[in-house]
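Single-structure report; data block below.
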Amino acid sequence: TWCCAQLRNFGGPGLAHIPRVAVPLLRAAARAYTGESSAVHDWVKVNPASMLSWWKAPVEEKRPAQMWKCIQCGTRRTEDDQKFEKFSFEYCSIKCLLAHKTAQLA
């Protein structure tokens with residue numbers, strides 16, 4: 001039976017014991033039963049590989065870039081561009097931030 005004490009996080013061997021312990025036992029059993037151990041290669045390598053061969057990595061979809069607008073000059077920028085924020089306002093440069101500050105004071 002399997003319990004959490006056998007997991008690697010809890011000090012047990014984890015699944016690393018399978019190729020170390022189980023595969024030699026399978027080879028010995030296959031030799032005793034059929035006289036050869038080549039079937040073990042199929043059980044350990046070929047069958048799991050064919051079982052997992054249907055899986056393909058998902059294709060990453062390209063999404064349109066999110067845009068934002070400078071409150072002072074009105075230029076539209078992508079989210080990757082540098083942005084300066086003060087309160088809820090977004091500026092494309094310090095120059096626009098200071099221009100908006102002086103316009104508010106005047």
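All figures in this text were calculated on a predicted structure; none of them were measured in a lab.
- Separating the CD1 atom in I71 from the OG atom in S88 is a distance of 8.0 Å, to the nearest 0.5 Å.
- Y91 is not listed as a side-chain neighbour of E85, based on a closest heavy-atom distance of 4.5 Å or more.
- For the atom pair NE2 (H100) and CG (L97), the distance works out to 9.0 Å, reported to the nearest 0.5 Å.
- Heavy-atom neighbours of E79 CD from other residues, nucleotides or ligands within 6.0 Å: above the threshold of 12.
- Between the CG atom in D81 and the SG atom in C70 there is a gap of 11.5 Å [rounded to 0.5 Å].
- Under the rule for a ring-ring contact (aromatic ring centres under 6.0 Å, His included), F84 has no partner lying at least two apart in sequence or in another chain.
- Between P24 and P19 the shortest heavy-atom distance is CD-O, 3.6 Å.
- Among K69, K83, R77, the single residue meeting the salt bridge (Lys or Arg N to Asp or Glu O under 4.0 Å) criterion with E90 is K83.
- Taking CZ from R20 and CG from L25, the interatomic distance works out to 11.5 Å, rounded to the nearest 0.5 Å.
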